[in-house]
Amino acid sequence: MSTGNLDFEQFRVFLEKACGILLGENKQYLVSSRLNKLMEQQGIKSLGELVQRMQTQPRSGLREQVVDAMTTNETLWFRDTYPFEVLKNKVLPEAIKASPGQRLRIWSAACSSGQEPYSLSMSIDEFERVNMGQLRMGVQIVATDLSGTMLNNCKTGEYDSLAIGRGLSPERLQRYFDPKGPGRWAIKAPIKSRVEFRSFNLLDSYAALGKFDIVFCRNVLIYFSAEVKKDILLRIHSTLKPGGYLFLGASEALNGLPDHYQMVQCSPGIIYQAK
């Protein structure tokens, strides 16, 4: 496929407008690897032709397929480990104390293939086993992603041995999954039922999401410009209850916004508390 400079620039503009993702100037190879198959199937020879077809045929579903292909990311179970330990040891006890007798709500933003929200649900179960009766009203995990394909995969709660091998311990596999045939496992109903999957673009209105005690927005802000990143962080703040916590990725930092967030050192790791 052709990725001339002008075509690539057109595509970068399209992608940023569609979902906020800012492609680096040297990312032609990434675009090629993600879109080659789709463009072959559609008989499209260049990125310029692709952008033109998306503009002239807005109802063809092509735009959604392109955004899908560009935003799909592999992820891990219990990624970086410490956020889930901090959740169990610090954040959940504080949230229970701050909202006694209320159901807690957690948002997993950009949930990709579902490992993060299901890891959160397993963490909730592990907390409950040690702290019987403290979560009487339960926990709702709202998991959102832009990719319709990914969300459909998440909802099945089924994973192959390759996906299972990325960060899931044998103990957790045995406790929380049922075998579903050769090389496939399905997450158990109690873990699955705690998670609600919704299609959501981080650039859209957050009003329908409601309020959360905890937000995980990990390893996604790195794809946005500084301006869009700041806007998303302000919108996330509007969904957090006062004193609620935001978890970012290990390589992400919240610079600025001192009126909205307070940094909390957890050793290891840093989280942010809404003011």
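The pair Glu94-Lys90 meets the salt-bridge criterion, since a charged nitrogen lies less than 4.0 angstrom from a carboxylate oxygen. A salt bridge links Asp80 with Arg218; the closest basic N to acidic carboxylate O contact falls under 4.0 Å.
The distance from atom CD1 of Ile271 to atom CD of Gln265, rounded to the nearest 0.5 Å, is 10.5 Å.
Asn89 has its side chain out of reach of Phe127: every pair of non-hydrogen atoms, C-beta onward, lies at least 4.5 Å apart.
Of the N and O atoms on the side chains of Arg198 and Thr144, not one donor lies less than 3.5 Å from an acceptor on the other residue.
For Lys230, the NZ atom sits in a loose shell: 12 or fewer heavy atoms of surrounding residues, nucleotides or ligands are nearer than 6.0 Å. For Lys211, the NZ atom sits in a packed shell: over 12 heavy atoms of surrounding residues, nucleotides or ligands are nearer than 6.0 Å. The number of heavy atoms from other shown groups lying within 6.0 Å of CD (Glu227) does not exceed 12.
If you look at Tyr118 and Phe197, their ring centroids are closer than 6.0 Å. Residues Trp107 and Tyr206 place their aromatic rings such that the two centres sit under 6.0 Å apart. In this structure, Phe8 has its ring center no closer than 6.0 Å to that of Phe11.
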- Step by step, work out the side chain to side chain contact (heavy atoms under 4.5 Å, CB included) result for Glu116 and Phe216. CA-CA 9 Å; Glu116 181 176 273; Phe216 272 60; 3.4 Å; yes
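Aromatic ring orientation, Tyr261 versus His237: perpendicular (interplanar angle above 60°, classes split at 30° and 60°).
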